[in-house]
Asker: 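Just passing along the structure, written as structure tokens.
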Amino acid sequence: MTLAVNAPADPAAAGVDAAHDLPDRIYVAGRWEVGSGAVIESVDPSTGRIFATLHAATTETVDIAVREGLSAARTSGWAAMLPHERAAVLHRIGNAIDAARDRIAALQTLDTGKTLTETRALATSAANTFRYMAAALETMDGALTTPRGPWLTMSTHRPMGVVGAITPWNSPIASDAQKLAPALAAGNAVISKPPVWAPWVTLLLARLCEEAGLPRGVLSVLPGPGRTVGEAIVRHPDVAKVSFTGGTSTGRHLAHVAADKLMPITLELGGKSPTIVFEDADVERALQGVLFGIFSSSGQSCIAGSRVFVHRSIFESFTDELVRRAGRLRLGPGTDPQTAVAPMISLQHRDSVAAMVDAATDAGAQVRLGGAIPDDPRLADGSYYPPTILTDVTNTADICRREVFGPVAVVLPFDDEADVIDQSNDNDFGLACGIWTENYRRALRVGDAIDAGTVWINTYKQFSISTPFTGLRDSGLGTEKGRDAIRQYSDQKSIYLDLTEAPLTWGAPTERTCP
């Protein structure tokens, strides 16, 4: 059984070839099996064409995967393997992703509609994530803690057992790596639930892990609906931790389930991120950054800079030029190298974006660009929505409060630092922020005052696997990425070794006791 995806020299043909040889198989504890759940229909967002079908996993499949994964981690030696030995496997997985980059990119473009430029970059990011976690694992030391008595004291870490990874549809391969690499590095077995709308790249990753020498049974990939498969993973008594990326309402529900189990959970959720353009900004760089921040990935990004705050003194000129440049962005299929804004993941999602824009205009927002489903017959069968810019709204408007998850920017004026800090923080989300100014004292001052897990200064949507990523408020719980990501999937243990031969003394404090 193979998952072969050949990216031809002609990018326009990549979507066709990517559909070849996609078998109806899921990956259950090292076995490729036909799922026993409902049929998943995979649709090319650029054409509306069904290119493959797949039987989903079920709650029973989850139980099998967890039970056998727990056994495999122990009996294969994966959990007890020395760090450099596990690291060698992670390095091979990273290299295998690199070698299959064009296959991964073509398949992900077909499955999600993203541009080939973006999906190639996501594959490279995933490869680098596995290699980084391998390097971190090899160089991650335990700790001899400061002596507070006649003992040698140390802190060690051990695998949790089986952990769950629930990933989103907007960047599958990168999200997969961000969760799987540290969880596997820690010595765990992993149950991965890819999104129903885009399961194929995660299944291909399972094949690459298998070929790279990951022990059989340590990884399962179980596509299926979140309300059944995802719920079963989170509720399973033998799942020790879950990392979830997705919507805030689902994340809040999963947090309640985890609390009932007293299980740790990491949640990467939604955002309504502000981008702030001060009057002294390098206008050219700011324009490019704002366009990239909201319209790349077709706006389908939790960190999208969807609230654009522009100083009142340059508001009109900046907005006019932003509209002009956004209007030149090419809307089309991800296989076209000229495309800047690709289709939405599905017609259903496109229609939800369109409905939010319609509601905003009904409430008084002015459409400066876009704002309607395109009528170009060449785009009629795909789930396309154009770059859209709205003005004449207040920060309290619904379109400024809710996550649209599409190529929709709202541009608002501000008067001074205090005003823009107040407006930026007046939101339930706290994921990211962009600041454009030539005054770095101001940038650091404002950046420190903004309630966001990530702040970019004179750039946007740039990431490093070595730098932690977190969200505040409704944007999430816990941290991903960075060296300590491996520790997020480990149990900590303290060990005391007595250095004396004296017996314990009852009744009165002695030099052997300490605060």
Side-chain angles (χ1 to χ4, degrees), residues 25-38 40 54-81 86 89 158-167 175-176 178-196 199 202-203 205-207 209-210 214-246 250-251 253-267 478 486 488-491:
R25 298 289 188 275
I26 61 177
Y27 194 58
V28 185
R31 299 183 303 274
W32 292 97
E33 301 178 351
V34 176
S36 53
I40 298 170
L54 179 71
H55 281 79
T58 63
T59 56
E60 291 77 14
T61 319
V62 172
D63 189 60
I64 293 168
V66 172
R67 184 174 65 251
E68 296 189 13
L70 189 61
S71 176
R74 294 169 178 167
T75 60
S76 69
W78 181 250
M81 197 177 288
R86 282 202 300 270
V89 177
R158 63 189 297 275
M160 291 178 145
V162 176
V163 299
I166 304 176
T167 54
S175 294
D176 291 333
Q178 195 167 299
K179 299 179 190 302
L180 267 60
L184 291 171
N188 299 294
V190 181
I191 312 298
S192 173
K193 194 206 86 65
V196 171
T202 312
L203 290 165
L205 178 59
R207 169 61 70 191
C209 290
E210 186 178 57
L214 187 69
R216 179 184 175 92
V218 168
L219 174 64
S220 292
V221 176
L222 308 182
R227 64 183 178 274
T228 54
V229 177
E231 189 84 4
I233 291 171
V234 179
R235 290 188 179 277
H236 199 287
D238 290 329
V239 170
K241 177 192 169 76
V242 167
S243 179
F244 168 80
T245 299
T250 301
H253 165 70
L254 297 183
H256 281 286
V257 176
D260 288 340
K261 288 178 58 181
L262 292 179
M263 176 188 74
I265 189 167
T266 298
L267 302 172
I486 298 172
Q488 300 291 317
Y489 295 92
S490 306
D491 287 327

Asker: Show which side-chain atoms of residues 256-263 pair as donor or acceptor with protein atoms under 3.5 Å away, not counting sequence neighbours.
Answerer:
{"unit_1": "K261", "atom_1": "NZ", "unit_2": "V234", "atom_2": "O", "d": "3.0"}
{"unit_1": "K261", "atom_1": "NZ", "unit_2": "H236", "atom_2": "O", "d": "2.6"}
{"unit_1": "K261", "atom_1": "NZ", "unit_2": "V239", "atom_2": "O", "d": "3.0"}

Asker: Tell me the closest heavy-atom pair linking A73 and G187, and the distance in Å.
Answerer: CB-O, 4.4 Å
Asker: Residues two or more places apart in sequence or in another chain: which of them pass side chain to side chain donor-acceptor pair (under 3.5 Å) with D176?
Answerer: T167, T202
Asker: Measure the shortest side-chain to side-chain distance between V190 and Y489 over non-hydrogen atoms and say whether it is less than 4.5 angstrom.
Answerer: no
Asker: Specify the closest pair of heavy atoms between L70 and A189, including all atoms of both residues, with the distance to one decimal.
Answerer: N-CB, 4.5 Å
Asker: List the atom of V221, the atom of A206, and the distance in Å for their closest heavy-atom pair.
Answerer: CG2-CB, 3.7 Å
Asker: I need the minimum non-hydrogen distance between S243 and K179, along with the two atoms involved.
Answerer: OG-NZ, 2.9 Å
Asker: Distance check, rounded to the nearest 0.5 Å: R158 atom CZ versus S490 atom OG?
Answerer: 10.0 Å
Asker: Report yes if some heavy atom in the side chain of V28 is under 4.5 Å from a heavy atom in the side chain of L222; otherwise report no.
Answerer: yes
Asker: Any side-chain heavy atom of I26 sitting closer than 4.5 Å to one from L54?
Answerer: yes
Asker: Working to the nearest 0.5 Å, report the span between CD1 of I166 and OG1 of T250.
Answerer: 9.5 Å
Asker: With side chains defined as the heavy atoms from C-beta onward, is the minimum distance between L203 and P194 less than 4.5 Å?
Answerer: no
Asker: Who are the ring pair (Phe, Tyr, Trp, His ring centres under 6.0 Å) partners of Y27, not counting sequence neighbours?
Answerer: W32
Asker: If I compare all heavy atoms of V162 with all of G69, which pair ends up nearest, and what's the gap?
Answerer: CG2-C, 4.1 Å
Asker: Identify the two heavy atoms, one from L267 and one from A255, that lie closest to each other, and give their separation to 0.1 Å.
Answerer: CD1-CB, 3.9 Å
Asker: Could you walk me through whether V229 and V62 pass the side chain to side chain contact (heavy atoms under 4.5 Å, CB included) check?
Answerer: CA-CA 7 Å; V229 177; V62 172; 3.9 Å; yes
Asker: Distance from E60 atom CD to T228 atom OG1, nearest 0.5 Å?
Answerer: 10.0 Å
Asker: Output the distance between atom CG (L219) and atom CG (N188), rounded to the nearest 0.5 Å.
Answerer: 12.0 Å
Asker: My understanding is that only residues two or more places apart in sequence, or in another chain, count here; which of them pass side chain to side chain donor-acceptor pair (under 3.5 Å) with S192?
Answerer: none
Asker: List in chain and number order the residues that pass salt bridge (Lys or Arg N to Asp or Glu O under 4.0 Å) with R31, two or more places apart in sequence or in another chain; answer none if no residue qualifies.
Answerer: E33, E68
Asker: Which pairs with one or both residues in residues 235-244 pass salt bridge (Lys or Arg N to Asp or Glu O under 4.0 Å), sequence neighbours excluded?
Answerer: E231-R235
Asker: Could you state the interatomic distance from OG (S36) to CD1 (I64), rounded to the nearest 0.5 Å?
Answerer: 7.5 Å
